[in-house]
Protein chains: 2
Amino acid sequence: MYAQYECVNCVCDHAQKIINKLFISNELTEKESFDKYMELLKHLSNNAEFGMKPIELSSLIYDKYYEFYDDEDLFENEKMNANQMFLEMYEDLLDFCFSTEDPLYTAFKLSTFCNLLDFGIKNYFGELEWEIESLTKSRNFAVDDYKKFLDKIEDANNLLFVHDKAGEIVLDKILIKVIKNKYPNLIIHSAVKSRPIMTDATLKDAIEVGLKEVSIPLESGSIYPGTILSKTDVDFRNIFENADVVISKGQENYEGLYGEFNKVFFLLTAKCKSVAKDLDVEIGELVFKLK
Amino acid sequence: MYAQYECVNCVCDHAQKIINKLFISNELTEKESFDKYMELLKHLSNNAEFGMKPIELSSLIYDKYYEFYDDEDLFENEKMNANQMFLEMYEDLLDFCFSTEDPLYTAFKLSTFCNLLDFGIKNYFGELEWEIESLTKSRNFAVDDYKKFLDKIEDANNLLFVHDKAGEIVLDKILIKVIKNKYPNLIIHSAVKSRPIMTDATLKDAIEVGLKEVSIPLESGSIYPGTILSKTDVDFRNIFENADVVISKGQENYEGLYGEFNKVFFLLTAKCKSVAKDLDVEIGELVFKLK
């Protein structure tokens, strides 16, 4: 999919969130915030071309941003809180999966549905937990290639899981745990970002939620939103190429990894008009799509 | 007030709404929409400077836009519908004002409160009318210079009303009618935009709602959002300078006309963080401020 004019404002919102973080942390004055933002926009508008993916437009913003700043993790607290909140639910949600008729299918829905959850949500007295369980039961995939997944995984020796956001990786961990329960000999790699980008999961988050208990975490090499293969590490590309099955979470990984591989299962909730249109679903719908 | 980095995204939203209209009217392909939008952003980011007013940033967008297109009224239907809808309520709302203890104060609240109303609202079976009356009674000004207005208007010979949006001008007409009822000898000029800009009122709208019945409509010369004095006609500037009292509606006219005149009453609802901060009120609050 390529970026439409509507995608540009999403990229601008992205850029503004970064500036906002820097401003709040008192590193920037009002003038500096304004000027930095304009530099980002200038770089974007001078280099954007029709036909680029939305995440390629975001990359332009990040290229410029990385010229100003180093690896500072602007969203560290949000990510830690999200990890913590979902870790508190981990055992209960895992039990919930195993209490259903098809634990694997439930775990897929749980992990996909939670791709929609925003940072800033709170779990008061287990209410969110209850809501998540109830929504997982009631919501269905608008595109559902679960059977194709079962076919493919039957003969698979290894699986690559490309994660999306912190917090959400706890739900991915549940999914991987359930997969491992059914296919104990499967080797599973878990790819996360190589640099802090918004609320995307990094190796620090992978360690925090104990992904190592169920898979082999590694950095993909991507320092941009999503995962553009040409901008990843050679180690990641090797694992990707040799994987029998790939699970890719979220819109931005969908943009980056969508291609002619016929082994990548995209799990996501459609969050914007452009992606929903590309997938021929409505905004907010759950997608489990092989391509 | 000067534009903060947050204001930039509002300007981008503005630009996107224009592109969206052109796209929908089938004049632009996807590529053309994207490229035109990028041209607008390029012009904005190359020419924006810290210290400019938000409406000066918007002007940059319009300068570029006017290079592509002529006077086409992209929001003609929305404006006509809004004018029509409020005209249907005109008599009832006027009666409502006169039924209250202080009709003039009520008319001020009515006109200011309706500055918040969005296009796209509908009046089913008089429900909106009822809601407007009820909200006009219950809502109060967060900044209230009504008494100063009464002092100034007492000795005034002429008043200039600088309008904001179509539809809303019907409520302005009610306010002017009530002012004229109390001060029948006052000469009142009604300034509107000289070119169609989003949903701002033009002379066509002024004629449609019959502003002529209560005041002398004229074009201000402004072809940008708001009213920047240096970018208005000499006739308008003469009227502005000679006016004993000016009533300015909306955020954008506030940005443009706020100065050291001590005769301009700003009527607006604060719609964004920057303006609310500048006025020391909360978002959504009503303002009646002399400056």
Side-chain angles (χ1 to χ4, degrees), chain A residues 1-54 56-58 60-61 63-65 68 74 272-275 277-278, chain B residues 1-54 56-58 60-61 63-65 68 74 272-275 277-278:
Chain A
M1 65 175 289
Y2 51 89
Q4 319 270 310
Y5 68 96
E6 292 102 328
C7 302
V8 178
N9 279 23
C10 266
V11 176
C12 292
D13 281 341
H14 227 255
Q16 195 175 301
K17 277 183 190 138
I18 299 172
I19 299 289
N20 190 35
K21 273 285 175 187
L22 291 167
F23 179 69
I24 286 171
S25 67
N26 280 325
E27 287 178 55
L28 295 188
T29 64
E30 281 185 357
K31 183 178 185 316
E32 281 166 343
S33 306
F34 186 89
D35 291 346
K36 288 288 178 224
Y37 191 20
M38 279 303 162
E39 270 193 69
L40 296 182
L41 275 198
K42 206 179 284 186
H43 187 73
L44 172 69
S45 55
N46 284 330
N47 294 283
E49 280 170 30
F50 183 69
M52 279 180 167
K53 296 170 181 173
E56 286 176 306
L57 296 186
S58 307
L60 292 172
I61 292 281
D63 278 336
K64 195 71 196 168
Y65 167 70
F68 313 146
L74 298 170
C272 73
K273 214 177 94 183
S274 300
V275 168
K277 189 180 153 202
D278 195 66
Chain B
M1 63 176 291
Y2 52 89
Q4 320 269 309
Y5 68 96
E6 294 104 326
C7 302
V8 178
N9 280 23
C10 266
V11 176
C12 292
D13 281 341
H14 227 255
Q16 194 174 301
K17 277 184 190 139
I18 297 172
I19 300 289
N20 191 36
K21 273 286 174 185
L22 292 168
F23 180 69
I24 288 173
S25 66
N26 279 324
E27 286 178 53
L28 295 188
T29 64
E30 282 185 355
K31 182 177 186 315
E32 282 167 344
S33 305
F34 186 89
D35 291 346
K36 289 287 178 225
Y37 191 20
M38 278 304 164
E39 270 194 68
L40 296 182
L41 275 196
K42 205 179 286 185
H43 188 73
L44 172 69
S45 55
N46 284 330
N47 293 285
E49 279 170 29
F50 183 69
M52 280 181 167
K53 296 171 180 172
E56 286 176 307
L57 297 185
S58 307
L60 291 172
I61 293 281
D63 277 337
K64 195 71 195 166
Y65 168 71
F68 314 146
L74 298 170
C272 74
K273 214 178 93 182
S274 300
V275 167
K277 190 180 152 202
D278 195 67

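Chain letters run A, B, ... following the sequence lines, proteins first and then strands; every chain starts at 1.
Heavy atoms of A:Asp35 lying under 4.5 Å from chain B belong exclusively to its side chain. Heavy atoms closer than 4.5 Å to chain A are found in both the backbone and the side chain of B:Ala3. Only the side chain of A:Leu57 comes within contact range of chain B, judged by heavy atoms closer than 4.5 Å. With a 4.5 Å cut-off on non-hydrogen atoms, A:Glu49 touches chain B through its backbone but not through its side chain.
The structure places CD1 of B:Ile19 at 10.5 Å from CD of A:Glu6, a figure rounded to the nearest 0.5 Å. Rounded to the nearest 0.5 Å, atoms CZ (B:Phe34) and CE (A:Met52) are 7.5 Å apart.
Taking the side chain as every heavy atom from C-beta outward, A:Phe50 and B:Met38 never approach each other to under 4.5 Å.
Chain A forms more heavy-atom pairs under 4.5 Å with one residue of B:Cys12, B:Ala15, B:Gly51 than with any other, namely B:Cys12.
Pairing each heavy atom of B:Lys42 with each of A:Ser45, the nearest pair is CE-O, 3.2 Å. For the pair A:Tyr5 and B:Phe23, the tightest heavy-atom approach, listed with the atom from each and the gap, is OH-CD2, 3.6 Å.
Applying the 6.0 Å contact sphere to NZ of B:Lys277 captures no more than 12 heavy atoms from other residues, nucleotides or ligands.
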Exercise for review: Would you check, one step at a time, whether the test side chain to side chain contact (heavy atoms under 4.5 Å, CB included) holds for A:Asn9 with B:Asp13?
Suggested key: CA-CA 7 Å; A:Asn9 279 23; B:Asp13 281 341; 2.9 Å; yes

